[in-house]
Amino acid sequence: MRDTSGFLWRALRESDPLIAVLYPHSGYLQDLQDEIPLLAPDPGLVRRSCDVADAFTHFEEVLLLTPTDEPTALSVLDGRREALLDRTAPVVLFLLRGGEATKLLRSEDMAGLMSWLRGRILDPEAIDRVDLQAKRDQFVVATGKSPDVWLKEWREGELEDSLDNNLLYHQALLVAEDGRP
Amino acid sequence: MTSAPPPPPWQARHLKLEEERNRTSLRPGECKTELVRRLAGLAQKRHCSPAVVGWLQAQTYIKIWKAGRKIITFSENADGRFREHPALRLCGLSNLDDGALLTLSIEVDGKKDRLLSYSIGILGTARGGGPPWYARVDLHEEGDEDLRGDCHGGFCNHPLLHCHTGMDPSTKERPEVRAPLPWLMPWEALEWLLATADPVLEPEPRPAPRVDLNDDKSVTYWAQRLSISRERLKNLVIEVGPLVHAVKRRLQE
């Protein structure tokens, strides 16, 4: 599942007690916090908190944790990893992408936690980026044209206004070399 | 000094839609969540797999000038497919045989929080082995100055936001049924399309008519419509409540 929702959907159903999600800005954070309850097995069992102490209570509820002090929260979680193992629903720890905590997480001091989190760190910016060459090749196979040629023909009204072409239009936009700013 | 003449009606509609698009602020994640919310509701009613909530993806453009733009589609994990496009398999809809498909593709500019274009469609066959059927709502990108003359303002001068419907989604049928639509967000277009496939999914049924005893005009109107006196109507409303269908039922008893 190489996309954010697929990753989260699976992670919320596995037994891992901690997932880290790197958010690029506050709007993105808000959207993820709104989406996760919809992805959870039971939307009624999802809580939000800014206090890392909540990671060690209500083990059956998914906890959306946005700590006010991210580095301190990391240290607390690292120090009490064993206690997290009792959780039956994960803590989703939100960290600002490129912030202090993400730097700390990659430091020697957090090697233990980092190793523990392997495969459970979600970077939506990276995971949702398309594989350009593979997508371009796929497009050429599907249409017999490069995305740029196809896009030009579409915009000039030379292609049928069909369901297939309306869906292909967005695929062409994703991978075209050139286009409109 | 004379003011400029108003634009002809079709141009005015076009301008109105562009105005709506410019006024609407929408983050890609916000759009995705609203869609997931509708799809979760659809799954709750057993019209699709409950896993649908994890099947939407928002892919990012590679090019620098397009940075921040995202395309929201079903991911490869989705359980249906229309040609190369992942789609959602629908079932239990009163007007369509099981196995109908929902397709969607939405372009949102995350830097400007702006909805750019979308295409959302349903295709299948009429319930009971009837004819094939599809309906699709398209919001086209803005017209470009350098496009060919007949293509300004929406794809080949189609209204910016419109619905196509017919039997074969792959070809241009003649006559072509293409209806202009008022401004709809993608999830509203989805709700509207689903309601065509099953009336039970109508998102906001018209409010049931009521008799308002505090409004003299309402009392007079319904008394005349039901061919009873105002006093009798008032007594009935006190007895069975303000809903007109309840009053009618009591009158029939």
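Just the heavy atoms: all of them, side chains too, but no hydrogens, waters or symmetry mates, feed the values below. So that the names make sense, note that chain A is the first sequence line, chain B the second, and so on, each numbered from 1.
Of all the heavy atoms in A/Leu39 and B/Val53, the pair that sits closest is CD2-O, 2.7 Å. When every heavy atom of B/Ser75 is checked against every heavy atom of A/Asp3, the shortest pair comes out as CB-OD1, 3.7 Å. In this structure, A/Asn166 and B/Arg136 approach most closely via the heavy-atom pair ND2-NH2, 2.9 Å. Considering all non-hydrogen atoms of both residues, B/Ser105 and A/Leu167 come closest at CB-CD2, 3.7 Å.
The distance from the CG atom of A/Asp164 to the OG1 atom of B/Thr103 is 10.0 Å, given to the nearest 0.5 Å. Summarising the geometry, atom CZ belonging to A/Arg10 is positioned 9.5 Å from atom CG belonging to B/Asn77; distances are rounded to the nearest 0.5 Å. Of the inter-residue distances, the one linking B/Tyr134 atom OH with A/Ser162 atom OG reads 8.5 Å to the nearest 0.5 angstrom. For the atom pair B/His164 NE2 and A/Leu163 CG, the distance stands at 10.0 Å (nearest 0.5 Å). Taking OH of A/Tyr169 as the reference point, atom CG of B/Asp138 lies at 11.0 Å (rounded to 0.5 Å). Note that OG1 of B/Thr73 is 10.0 Å distant from NE2 of A/His170, once rounded to the nearest 0.5 Å.
The environment of CZ in B/Arg23 is crowded: more than 12 heavy-atom neighbours from other residues, nucleotides or ligands sit within 6.0 Å. Heavy-atom contacts from other residues, nucleotides or ligands closer than 6.0 Å to CD of B/Gln44 number 12 or fewer.
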Donor-acceptor pairs are to be reported for all side-chain atoms of residues 53-60 of chain A against protein atoms at under 3.5 Å, with residues two or more places apart or in another chain.
residue: A/Asp54; atom: OD2; partner: A/Ser49; partner atom: OG; Å: 2.5
residue: A/Thr57; atom: OG1; partner: A/Asp54; partner atom: O; Å: 3.2
residue: A/His58; atom: ND1; partner: A/Arg47; partner atom: NH2; Å: 3.0

Going by atom type alone, with no hydrogens or angles, which donor-acceptor pairs under 3.5 Å involve a side-chain atom of residues 18-28 of chain A and a protein atom two or more places apart or on another chain?
residue: A/Tyr23; atom: OH; partner: A/Glu70; partner atom: OE2; Å: 3.4
residue: A/His25; atom: ND1; partner: A/Gly27; partner atom: N; Å: 3.3
residue: A/His25; atom: ND1; partner: A/Tyr28; partner atom: N; Å: 3.2

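Residues of residues 79-108 of chain A having a heavy atom under 4.5 Å from any heavy atom of chain B: none.
Chain A forms more heavy-atom pairs under 4.5 Å with one residue of B/Glu76, B/Glu34, B/Glu107, B/Glu84 than with any other, namely B/Glu107. Chain A forms the most heavy-atom pairs under 4.5 Å with one residue out of B/Arg37, B/His85, B/Lys32, B/Glu30, and that residue is B/His85. Of the listed residues (A/Val141, A/Leu168, A/Leu32, A/Leu12), the one with the most heavy-atom contacts under 4.5 Å to chain B is A/Leu168.
Using a 4.5 Å cut-off between heavy atoms, B/Ser117 touches chain A through backbone and side chain atoms alike. For a residue to count as touching a neighbouring chain, one of its non-hydrogen atoms must lie under 4.5 Å from one of that chain's; by this rule B/Leu123 touches chain A with the side chain only. Proximity to chain B is absent for every atom of A/Leu8, based on heavy atoms less than 4.5 angstrom apart.
With A/Leu38 as reference, B/Thr33 is the one residue of B/Leu39, B/Leu35, B/Thr33 to meet the side chain to side chain contact (heavy atoms under 4.5 Å, CB included) rule. Evaluated for a side chain to side chain contact (heavy atoms under 4.5 Å, CB included) with B/Gln59, the options A/Ile127, A/Val175, A/Asp131, A/Leu174 yield exactly one hit, A/Leu174.
Partners of B/Phe82 under the ring-ring contact (aromatic ring centres under 6.0 Å, His included) rule, at least two apart in sequence or in another chain, do not exist in this structure.
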